[in-house]
Amino acid sequence: QGNQGAPAAPSGSASGEPGAPAPAASYKPPTITVGTADDSKGPAIEPEGVVKGGTVTMIDRDDIGHLDPAQVYVNTMSNFGLLIGRTLTGYKRVGPGDYKLVGDLATDSGTSSEGGKTWTFTLKDGVKWEDGTPITSEDVKWSMERTFAAFVTQGPTYIQQWLTDVDYKKAYQGPYDGKRLDSIETPDDKTIVYKFKSPHADANYAFAMGGYGIVPKEKDTKEAYDKKPVSSGPYIIKSHVVDKSMDLERNPNWDPATDPIRGAYPDKWRLEFGQENLQITDRLMADAGADQTAFTFYATVPPERLQQVLGDASLAPRLMKSPSPYGNYYYFNLDRVKDVKIRQAINHAWPSKQIQQVYGGPAAAALPTTILNENTTVGYESYDLFGKETKPEGDVEKAKQLLAESSNPTPTIVYAYNQTPLQEQITVVIKNALEKAGIKVVAKPLDRKTYYDSIGKVKNDFDLYWGGWGADWPSGTTVLPVIFGPIADGAPNYSHLKDEAITKEMDEITALTDIDAQNKAWMALDKKIQETITPLVVAENRIANTLHGSKVGGAEIDPQSWVVSPNTIFVKQ
Amino acid sequence: MGGVIFKHQVGKVHAVDGIDLTVHAGETLGLVGESGCGKSTAGRLASRLLEPTAGSIKYAGREIGHAKRRELKPIRAEIQMIFQDPYSSLNPRHTVGTIVGGPMEINGINPPGGRDNRVRELLEIVGLNPEHFNRFPHEFSGGQRQRIGVARALSLNPKLIIADEPVSALDVSIQAQVVNLLQQLQRDMGIAFLFIAHDLAIVRHFSQRVAVMYLGKIVEVADRASLYERPRHPYTHALLSAVPEVLEDSEPRERIRLAGDVPSPINPPSGCRFRTRCWKAQDKCATEEPPLVRLEGNKEGHLTACHFPEQPTVHGQDVVLDPALQG
Amino acid sequence: MLPFITRRTLGAVVTLVIISAVTFFLFFAVPADPARLACGKVCPPELLEQARHNLGLDQPLFVQFVAWLAGIFVGRDYEGLGACPAPCLGYSFVNRAPVFETILDRLPLTISLTIGAAAVFLTFGVATGIIAALRQGRPLDKIASVSSLIGASVQIYFIGTLAMYFLVYQNQILWRPRYVEFSQDPIGWAQGLLLPWLVLAIIFTANYTRMTRSTMVEQLSEDYVRTARAKGMSGRSVVMRFAMRGTLTPIITIFGVDLGALIGGAIITEQTFGLQGLGQLSVRAVTYSDLPMLMATVLVAAAAIVVFNIIVDVLYAFIDPRVRLS
Amino acid sequence: MSTPFLSVRDLTVDFHTEDGVVHAVDGLSFDVEKGTTLGIVGESGSGKSVTNLTVLGLHNPETTKIGGEIRLDGEELIGASRSTMEKLRGNKVAMIFQDPLTSLSPYHTIGKQISEVYRKHTGASRAEARDRAIEMLTRVGIPQPKTRVDDYPHQFSGGMRQRAMIAMALVCDPDLLIADEPTTALDVTVQAQILDLLKELQDQTGASIILITHDLGVVANTAHDVLVMYAGRAVERGTVREVLHEPRHPYTWGLLASMPRLTASVDVPLRPVRGTPPSLINVPPGCPFHPRCDYMELAGPGLCRSERPELSPHRGHGDACYLTLAQKREIQK
Amino acid sequence: MTIPAPATTTTGEALAAKTPETVGRSPGQLMWLRFRRDRTGIVSAVVVIFFFLVALLAPVIAWLYGKDPYALYGQDTPGLLNDYGYPILPNGGISSEFWFGIEPGLGRDVFTQLVYGIRTSLSIAVTATVIATAIGIVMGIVAGYAGGKTDYFIGRLIDIVLSFPSVLFIIAFMPVVENLFVRPDEETPIWLRAVTLVIALTVFQWAGLARLLRGQVLSLREREFVEAAKVTGASPARIVFKELLPNLWTPILIQSTLLLPALVTAEAALSFLGVGMIEPIPDWGRMFRRGTEIYQNDITYLIFPGVALLIFVIAFNLLGDSVRDAFDPKLKR
Ligand SMILES: Nc1ncnc2c1ncn2[C@@H]1O[C@H](COP(=O)(O)OP(=O)(O)OP(=O)(O)O)[C@@H](O)[C@H]1O
Ligand SMILES: Nc1ncnc2c1ncn2[C@@H]1O[C@H](COP(=O)(O)OP(=O)(O)OP(=O)(O)O)[C@@H](O)[C@H]1O
Ligand SMILES: [Mg+2]
Ligand SMILES: [Mg+2]
């Protein structure tokens, strides 16, 4: 669920902007473990007081951009994908904050051999497409092959790379011209074997990504599939008016007994798109009429309503809270801000608390200190190198001292930001704080459409800019090697960090087959990078506060994807 | 100075169609006719506000019909105009001083004693208080405004003034003031006038010669005495008989009531244009256009365009063509 | 009349083509690359090329524009997405939905919003305008002019937000703005749009009140109105049958302009009330650099303005025989 | 003599404007007998139209103050109810205005405009009213009335419009017809037609006519009695013969002398009244004409400047001037 | 019979004798006189002038008041804002120190923000008004006076501009205008944003005025005083500038009085759509928009900018009405 949506949303959207760990004391990071074959059997564990039937309404700003799983990368889309499609593996909710990686279509979460170079899955009995035909291993293979096709530009690329090469689209162009991929084998209708070029001990997590959902070979319509997908999940799309509404009804060929993940309690779903957060919040607060059975996947309470919502005890039962599982950073452009002392001075001077206030206070944003996110890192360990916990409002003296030691005691920093009302305000705060430390800030607003283009250019003229990245599964593997990976236009290494020792270390950690050791190593590397290079300022992470209607039960923000999961939702009668 | 001759034909709407008029130096030519017959068009052609579609306009022997703005410059000063509407002919945003002095400024005339003095002098000449130099037109009555217009026309010492219905918009008592003023100016300064009006009685007072126009054509032209006492064209007869007289004199005047209005100039009747309202009209009138010629028994310079002219008298007719009046 | 309409229609088509061309070519001057947006955040150059090709952005601009224009009249074929029959406005860059269908889907709301609001502000504005004109200088006139002034001075997002809060969420006096098809549920349709109508009406009524009042005052001093009174016509018929005719001309002029503008996108209104009409569609098209959608919304908006201009001119002829016969 | 058909006594009309109070009519009295024509002459702004609009009660009551009395056929019109006035207008009293183009509604057909008056006052059906409209158009001499009845005013020529106006005024056979400068906007030949038509229709219907004009020639041709107005007051009144042949007031003299005439000698210049009419906000005290009068000294200058001369007597030839008849005769010699 | 002959009139004596009622007042002066009598007009003028003074003297006011619109008081001084970023004191944190309270979130002083915001918004609106008016004047007069092809093309251009869905266009293409001036990775100066806004607002506003003026010129061109100037040999330039332009100031003035408040609100509306001035430049429209978002928690922050905007727009509209009435007394009464 790494890609946090391309164009950042205007104000306070969930999918677009920051989020992170360590909020109020009550919050406990989730645990995610690997489940057994038994865990992989359906049906899903029912939430308390569940009622089946009824129609639930979901209101959000944006439509589900892609229905073809191959094009799905954004958290909101994978989340929706749970309703209409299945993957090999998936996350099963065992209890509050307790998740297991289990087999979804597969009977278990996969068997690896050769230290993770080969992965074998067996399909469950009784899994069917919406027309009743059984789902076969050929379908699963086909689904992976088609992600190599030219028209697929959006989905995840991990497995494709592992199966072929880093430049996977050159190695194979998809199954439509009759060529098949040898590295996936289907010895029989139920078995499927993936053969990677190198070991990937955590590959079974990758198969849980929505982007690796399945598509029926016989019903594949290439590009057009994005409009009319075939359901393997509990619901079928009955009608869809783009950007406006969608209606789901039950898929008669979905058998709850095969599905450990999806509860699918309501009979019908009504999805409404095109509403701004503020309006959605107001509607859910008012809780009138049909809105009582409404909830939202990701429309968090915007700062403008936060005080009101949090201050109203009557809303508390309908309020969900969850810190962002993403990493958010203000990247230094190491090509321009060459002096580590200046980078550290800025880290010290950083007005975290003030920015937090703009977001709406501690209830709306947490102040993390590490690159890896607490919620999505198994084996997380905290550290505080720049006194963020002791002096969250910034330590001007310390910053001045570091600057005095640096090559330029009065540096000028070009800060580029995404021009939304909220970011404008944050920029004011940053400018105000850094200038107190003697750092001149040139604020450069960037058009929101081109924000990532502009900061993604290797040869950009900015010194500091915000960027987000989220783990695709709970491991440093999907974070550090990405944000400090290859330097290219558009690549997420916005710091342009290029340090051979670090790169080497990352390769070594990736190759580790012991997951616990790997996690420990990532945490250590995290601290080391900040200590020696300081390529970024860890940004404030937002906490989602999301309301739902009074007749909606089982609503919970999934701590990994940071949106309300459809799996447990039910309608109270 | 020779004469001013103009002769022209105007485009699609034959507002003025092949008219021949001559104004001699120092004299007044009156031009009468009903509304829409092309009097103003003729006047504006003469002052070259309009360019004729065809034909020639000669001023002091020079052809000016198609002269450019630059070529016209020296002549502009000599031909001036007085307009009908005392309200719209003065720029409401200018003072009297600017209005009267403007033409001098445009033509770079610097009279001895300065322009302002000259303006005051002109105001005095037209019977206005020179102290009103700095006032605005809206502070004057219609008659006074018309005097300002006269002063403006005089400021360039013109040789010819085209006066387009200068008194039609004024009350009788004021009308007489303005006519008297014009008459006096002509006497004092020898200015020639083309005096356009629809009121035969006023024209008679101020014109040595009179032309009668109907639907873009001159139908009769003569010296004053001939026209008023021995009119030949039926239309002239009709016009004369239509003027309401204050005091009935001993001799009963003829009574001619024409039907309808002037036809549209866009599609004028063929042949003689007056034939549709004429009580003497015959087939010939529809096919053949009567030439403007001197009829038998008329004086030199008395020209009439009619196939069947009336007797040279103003008495004793009674013609009623109006259906409403035949009850 | 017919030649007039034909001439005006041809002129309108030219205007629309020019507006489309300006929109189209300016779009490429915006520093955003739709292919980049379509391609996602991690997008290597080959994929970018691919995305660009998929969106048809790899052709010369002029060719693209002509293809777009031709699509409207003869339809187009899209690689992978299939045929798009005329009038084809292309497929959205963002979600590959056929633009024409999307527009058709949004139009009913925008039209309902416009027509309902127009009905309210027209009747209300004209009525108060007439009353104010007849009660010139009296308290009623003063009240009408002061309230219309305040109405004209407030912003839609200002009273819209306040009204939503106090009348819908807090007290539930009015129904929450939403759109239901008229054919499905006429009452729900009216309930759902009532608040936007009223708010739009508050803002627009002012203009009509003032316009009606001043024209009516002028008309009442017209000679022919005096004639009507001299004929013994009753006060009511003098106003409604005589003075009103002349008052209509300026009213339908601004009415045409307002209707055109509203259909073209009551952007702020739709934004304020969370309604999904053309205005909201167009803002999204802008936000996501969705060229086909942007082109379509601009085209529809401009067409609305242009068409209403023509309608107004035709209406002039119905109101005023002098126009009809000249 | 019985009571006159219309009798106006001490009429005053004041307009309250931004610039001050306009005394448009100030103490005006006159009578109109049945079947006769009263010509009202005077310069522009002398209050002719205001007087007659007052008879019909067409002023805006907000800004107008009206005093005196107006009796029509014995009935008091000032202060009469709106419905009374509405019943009267177009029915018993009708009006023809100066500019037929602006006075006819451009939005309705001629036929409609005529027939609606008829329907309003007689309750006739649509078809009857239409027939009546055609009949009226025929009477005023509109050619092809059956087709022209559906024309709009702008399709008519100026003279035809004025005829339509007359048709509209006469459709209910009014007892009093007020014609406010009915021919000023028209050409001489057409003016003659219209004046003849008015006379003829009067002969047929026996209506009284008030003919407002500033053209003495028109009055001479059409009216029986004349009222000369100056600055909102009557300065002279009498029969046409009396006023035009033996004018008594210096202003009437001035008017007559400034009229150009076809028969007068060309060599005698016109003799206009000097000066301009006064502002009605600031009417000169005493005789309003005194600033323009050449004979003020004869009557005693103080008198003309301070005391306002009254028109006397109420009937017959009268004038408002301090000069004695003898003095006047003297001057005329 | 002879008519008495009054004195001849061609001497100035008679006219000079007439007492002048109005002494040398230009139409402008008359307008001013009428305007002065209009109490509403005067009051609104005072209000409008007050706003302009505030805008003009913003630095002085801030200096006297002792606050800086850019300083984040609420953030730098603890105890002013609560955890959510809202003022702790009631009424939006109004105190003797912060007269209008403090801004939620950033904690700036609302009073100086508003004063400077008015300064920003007014400068943009005034500049746009002036430019739009100037373009409108040139285009309108050229089209009206030149006629022919020029008129046709300008007319089409006006039609096209007026047919553009302007709001949509502005939000779509604001970046383009900015792009024309700076490369995407260059610093965008504040003035540039202002210039962009001015351009965006101007592009669609000149056409209305141009169309109006074109019509006016077309009718003025037919007025006889233009012909009079032509007859005396005036050049087209002189006719345009000396004869026509002075007569167009009335519509120009009225139009621009109405345009200015419209642009102020338009700028606010653009802010609402996210294309207004950007932080940290204080901006009236943006304050207002933010107010509409947070009013549930801090209504004070909506009230001050909102009421100020309301007062300004109402006052300016009233002023526009009064100016129109003063120029065109016909409407009144
Ligand atoms: N620019 C023009 N375009 C078309 N027709 C015109 C134009 N100017 C004048 N005409 C027409 O030409 C005819 C003569 O017009 P002109 O103004 O010369 O009449 P006139 O005799 O002066 O009338 P009036 O007594 O009303 O002033 C009229 O029918 C008029 O409609
Ligand atoms: N409604 C009004 N308000 C103010 N003043 C008015 C009004 N109507 C007329 N007047 C003034 O009253 C005076 C008399 O006007 P009236 O129309 O009666 O003149 P008139 O004799 O009919 O002149 P004309 O020959 O020009 O028609 C004029 O000075 C006029 O300005
Ligand atoms: Mg003329
Ligand atoms: Mg009158």
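Just so we're on the same page: letters track the sequence lines, and every chain starts at 1.
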TODO: Output the option from D:Gly159, D:Ala192, D:Pro143, D:Gly141 having the highest count of non-hydrogen pairs under 4.5 Å with chain B.
DONE: D:Ala192
TODO: With sequence neighbours excluded, tell me which residues meet side chain to side chain donor-acceptor pair (under 3.5 Å) with B:Arg224.
DONE: none
Open item on the list: Which atoms of D:Val218 are under 4.5 Å from chain B, going by heavy atoms: the side chain, the backbone, both sets, or neither?
Closed with: both
Task: Region of B:Val179 that comes under 4.5 Å of a non-hydrogen atom in chain D - done: side chain
Open item on the list: What part of D:Gln193 gets within 4.5 angstrom of chain B, counting heavy atoms only: side chain, backbone, both, or neither?
Closed with: both
Task: Contact winner vs chain B - D:Leu216, D:Thr222, D:Leu201, D:Asp196, heavy-atom pairs under 4.5 Å - done: D:Asp196
Task: Proximal component of D:Asp203, with respect to chain B [non-hydrogen, under 4.5 Å] - done: neither
- [ ] Taking the six-membered ring for Trp and the full ring for Phe, Tyr or His, determine whether the centres of B:His233 and B:Phe274 are under 6.0 Å apart.
- [x] yes
TODO: Measure D:Arg163 against the heavy atoms of chain B and call it side chain, backbone, both or neither at under 4.5 Å.
DONE: side chain
TODO: Apply ring pair (Phe, Tyr, Trp, His ring centres under 6.0 Å) to B:Phe140 and list each qualifying residue two or more places apart in sequence or on a separate chain.
DONE: B:His132
Task: Residue pair D:Glu236, D:Lys328: steps toward the salt bridge (Lys or Arg N to Asp or Glu O under 4.0 Å) verdict - done: CA-CA 14 Å; D:Glu236 183 159 1; D:Lys328 287 174 184 163; over 6 Å; no
Open item on the list: Counting only non-hydrogen atoms closer than 4.5 Å, does B:Ala259 touch chain D with its backbone (N, CA, C, O), its side chain (CB onward), both, or neither?
Closed with: backbone
Task: Short side-chain to backbone donor-acceptor contact, B:Lys39 and B:Gly33, under 3.5 Å - done: yes
Task: Passing option when B:Glu27 is tested against B:Gln186, B:Gln208, B:Arg209 for side-chain hydrogen bond (donor to acceptor under 3.5 Å, both in side chains) - done: B:Arg209
